[in-house]
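Whatever order the structure lists ligands and atoms in, that order sets their numbers, starting from 1.
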Amino acid sequence: MIRGDSIAEWGHLARRFFGSWSAASLAEADCVWVAEVLSVQEFELWQRQPLADRRHAVQVARQVESELAKRSAGFADDDDVSWVLVAALLHDIGKVESGLGIWGRVAATVVVKVCGPATVRRWSERDRFRGRLGRYLSHPELGAELLRRAQSDRRTIAWVKEHHQNQATWVTPPELARILHQSDND
Ligand SMILES: [Fe+2]
Ligand SMILES: [Fe+2]
């Protein structure tokens with residue numbers, strides 16, 4: 001029997017897959033906004049992402065921005081939540097280390113289902129296609145390392161590293177983590 005969460009997961013993958021074929025570029029207003037939110041080093045990383053990933057990241061970050069606006073009454077005036085937007089914009093930055101295109105990512109999804117994530121992750125140090133698959137699956141850790149080198153906020157780095165982990169292990173404040181997580185899966 002197919003479980004409900006499996007259907008949701010495959011639905012999410014299908015949306016990402018078909019969305020990645022779109023050639024629509026980013027709106028100018030979004031480009032300006034991204035440049036305002038990110039530091040110079042973070043923006044350089046951002047530009048390394050393929051268009052489909054940049055579009056996905058903006059979608060996630062805009063959703064996070066609107067959720068934060070709804071809850072602004074719950075945050076103190078001096079609460080700095082800009083790191084949350086940076087986390088939304090760069091949560092998948094580690095994928096640039098895999099160099100996988102659309103079909104490679106489809107293959108990665110299938111191989112992970114067959115071999116299991118732990119096995120595929122162990123391939124990260126290998127060369128050729130297996131290495132790419134391993135690095136694709138390790139994108140949270142690789143992304144965290146890229147952001148460490150870009151001197152990002154430690155809270156941004158923490159979320160990027162844990163964004164595919166079990167909720168029980170999150171160190172990001174629960175309400176913000178939930179907003180980031182739900183916006184990524186919408
Ligand atoms: Fe991710
Ligand atoms: Fe994502």
Practice problem: Report the name of the N/O/S atom of His56 located nearest to the Fe ion (ligand 2). | Solution: NE2

Exercise. Report yes or no: does Ser183 contribute a side-chain atom to a donor-acceptor pair with the main-chain N or O of Leu180 at less than 3.5 Å?
Key: no

Self-check item: Sidechain-backbone polar pair: Glu42 side chain, Ser152 backbone, donor-acceptor under 3.5 Å
Solution: no

Exercise. With 2.8 Å as the limit, jot down which protein N, O or S atoms are around the Fe ion (ligand 1).
Key: Asp92 OD1, His139 NE2, His163 NE2, His164 NE2

Self-check item: Over all atoms of both residues, closest heavy-atom pair of Leu100 and Ala108
Solution: CD1-CB, 4.3 Å

Which atom pairs, one a donor and one an acceptor, fall under 3.5 Å between side chains of residues 43-51 and the rest of the protein, sequence neighbours left out?
none

Quiz item: Under a 4.0 Å N-O cut-off, is there an ion pair linking Glu65 with Arg62?
Solution: yes

Exercise. For Arg132 and Gly99, indicate whether the former's side chain and the latter's backbone hold a donor-acceptor pair under 3.5 Å.
Key: yes

